[in-house]
Every structure is written in structure tokens, then in C-alpha cells.
Amino acid sequence: QSITGLFKSSSKILVYHSVFTWLIFDIFGVKFRYLLTVLSAIVAILPVISPWMLVLPAAAYVYYNDSLWQAILLLVVYAYVIMMVDTYIYIKEVGDAHPYILGMSIAFGMYAFGVQGVIYGPILICVSLTLYKFVNGQQTQSRQNASPAQKFVMKYKKIRENRVANEMKDLERESKFTVKILEKNPLNLAYKIEMLAPDYSAYEKYKLIVNLDFSEGFPERPPLFKFKTKMYHPNIELETGKLSRNLSFIRHWKPQQRVWEAIDEVQKILKNPELEGAAIVEPQIGAEYQENIAEFERTAKKYLAVP
């Protein structure tokens, strides 16, 4: 149906352009109307320029030989009629696929397949359009058939995606600390950042690579922090790089808090670890920090050098 519609609409436009162009240019006495008629037929199939633009040299001719008002009248009538009829034909025959796709598909087909491309090009284009319509229709149908609860979830997810994206943009502009976004996957709510470690900490002047995951309940809970840089710290798992989820700021997190506040809290923890209760995920490191902080700092710097 798509292929038939494209051929029908393009054929009708070719005939209409040719007849109308010759007729109206004959009425206004344009001497080179035969040349413009041939060009209009070509442009109807291969739209290298917009079809109405063929009236420009004719209008210039009428202006030079007759009057400005006749030139303006020719320009307005020709452009208006051509555009209106084109629109009517392609809506009637094809719907949402413009007939000029036929010309472009033939050109593409001949470039890729040679002479056979006259057939293969339109077929490939129409198959692609049909698949797009099908997939788009399925998604639209799915949204329409969703229950009120599902619609609420989809709307909430979209709001959350927008909030995370906006806050991450603001994060790079935050002057309190230096953060750079390295990778982002907004649909999965995942980001990789480079964060300059705080002054007066064991990690001072080091750039730390951290993954932020917002998919686990943000904004009701802060993002998950997972250090890709090897970290030697009582509140960070040595093997996985995961920040403890039992830290004080996580337990007292409020939905209105922003991402930069979570980063700020992590910076504070890098300087002054939480050494009580379940916040400690590496007890041996915590003990070393309390008993021999100089040794702790030397070891932390060694781990930072591990690729």
C-alpha cells in the first residue's frame, strides 16, 4: 500500500505540475514556458529544489516585460496552488509519507544497486516506513492501554529522569568542589564522574572516578556511589568500591535534597570517616585509621596508584 501510494502520488504530481506550469506561464506570456514545464516535471520526482521556486525566473521575466503587480500575482498564485495541491495529493494517497520520498528512494536505489535500484529503492524505503509505523503504533497502543497506576509510574519516571539530568548539569557548575561528567546514560539514570578529592584528606589532589546510580529509589534515597578508583577507606568496600549505605547522611536523606549535597557529604566522609556501627564496611581499615593514621594515609596513597 505504501509503495502504491508513493507511485500514485508522485505520478499525479508530475502530471499536475507539467500541465499547470505550462498553462499559467502561457497565460502570463512567459516565452521559456516549455523549459520550465520540463523542469517542473523533473522536480516533481527528484526534488532538488522546492517546486514553487520555478516561478521565480518567470516572475522576473513578467516584471521586466510587463509590470510588478502581474509578477507578484503570478508568484503568489503559482506558489500557493502548487503547495496546496501537493499537500492534498500526498495526504490522500500516502498519508504521512511524503511523495518526494519516491524520488529520493529511486536515486538511492540506483546508486546502491544500479538499474535494479529503480525497484529496490522504493521497496526498501517503504519497508522501513512500515516498520517504523508498526513500532511507533505498538508503543502508542501500549501507552493508551496502560492502567492508571502504570501511567503514573511512567510519568514519575520521566519526571525523575528530567530532575537527574538537570541536577547533573548544575553539578558541573557547583563551585564548592570540582566535578566533571565523563559518561552519562540518562535513560538508565547512570553517570560516571571525575571528582577531585578534598584537601586535607589521604586522597588530596587525586582525581577519583565514581559511578553514580540513580535507579535505586532516587530522590527518596541518594544515588548509589561506586568508586572505580581503588579506595582504601573504612566506609568503602575495598573489593567493589561501593560506598556504605548505612552512613548517617544516607539514613537521614530527604527527597528535596540535591545531588550536589550527596557529593558534599561524600567529600566530608573522605576527610573524616564514620567509625561507628554499620557504617564501617572495612573494620580492619577503620581500626588502622584510629590507631595509626599516618600508616593509613600511606596505604591509601598506595591503593590510589593501583590501576
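Keep in mind that this is a model prediction, so the values were computed, not measured.
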message: Between Met168 and Val259, does the side chain to side chain contact (heavy atoms under 4.5 Å, CB included) criterion hold? Intermediate values first, please.
response: CA-CA 7 Å; Met168 291 304 293; Val259 176; 4.1 Å; yes
query: When you look at NZ of Lys302, are more than 12 heavy atoms from neighbouring residues, nucleotides or ligands closer to it than 6.0 Å?
result: no
task: I would like to know whether Arg298 and Glu295 meet salt bridge (charged side-chain N to carboxylate O under 4.0 Å, His left out); could you show each step before the answer?
output: CA-CA 5 Å; Arg298 280 193 292 272; Glu295 182 62 27; 2.8 Å; yes
query: Strictly under 6.0 Å, is that where the ring centroids of Phe25 and Tyr34 end up?
result: no
- request: Spell out, as yes or no, whether a donor-acceptor pair under 3.5 Å connects the side chain of Gln290 to the backbone of Ile285.
  value: no
Please tabulate, for side-chain N and O atoms in residues 197-209, each donor-acceptor pair with protein atoms closer than 3.5 Å (sequence neighbours left out).
from	atom 1	to	atom 2	distance (Å)
Ser201	OG	Pro198	O	2.7
Ser201	OG	Tyr203	N	3.3
Ser201	OG	Glu204	N	3.4
Tyr203	OH	Tyr232	O	2.6

statement: The complete set of ring pair (Phe, Tyr, Trp, His ring centres under 6.0 Å) pairs with one or both residues in residues 248-276, sequence neighbours excluded, reads none
Side-chain donor/acceptor of Asn292 to backbone N/O of Glu288, under 3.5 Å: no
query: CD of Gln256: more than 12 outside heavy atoms within 6.0 angstrom?
result: yes
Residues, nucleotides or ligands: over 12 heavy atoms within 6.0 Å of Phe20 CZ: yes
- prompt: Taking C-beta and beyond as the side chain, do Ile24 and Leu74 meet within less than 4.5 Å on heavy atoms?
  reply: yes
message: Taking Val266's backbone N and O only, do any of them form a donor-acceptor pair with Lys271's side chain (distance below 3.5 Å, no angle check)?
response: no
List, one per line, each side-chain donor-acceptor pair under 3.5 Å for residues 240-248, sequence neighbours excluded.
from	atom 1	to	atom 2	distance (Å)
Thr240	OG1	Glu237	OE1	2.5
Thr240	OG1	Lys242	N	3.3
Ser244	OG	Asn246	N	3.1
Ser244	OG	Ala279	O	3.2
Arg245	NH1	Pro223	O	3.3
Arg245	NH2	Pro222	O	3.4

message: Are Phe32 and Tyr61, when compared by the centres of their aromatic rings, separated by less than 6.0 Å?
response: yes
Short side-chain donor-acceptor distance under 3.5 Å, Thr229 and Tyr303: no
query: Is a salt bridge present between Glu167 and Arg163, judged by a nitrogen-to-oxygen distance below 4.0 Å?
result: yes
message: Does the plane of the ring in Phe296 sit parallel, tilted or perpendicular to the ring in His233? Use 30° and 60° as the thresholds.
response: perpendicular
query: Between Lys192 and Glu183, is there a side-chain N and carboxylate O pair less than 4.0 Å apart?
result: yes
Asn235 side chain to Pro273 backbone, donor-acceptor under 3.5 Å: no
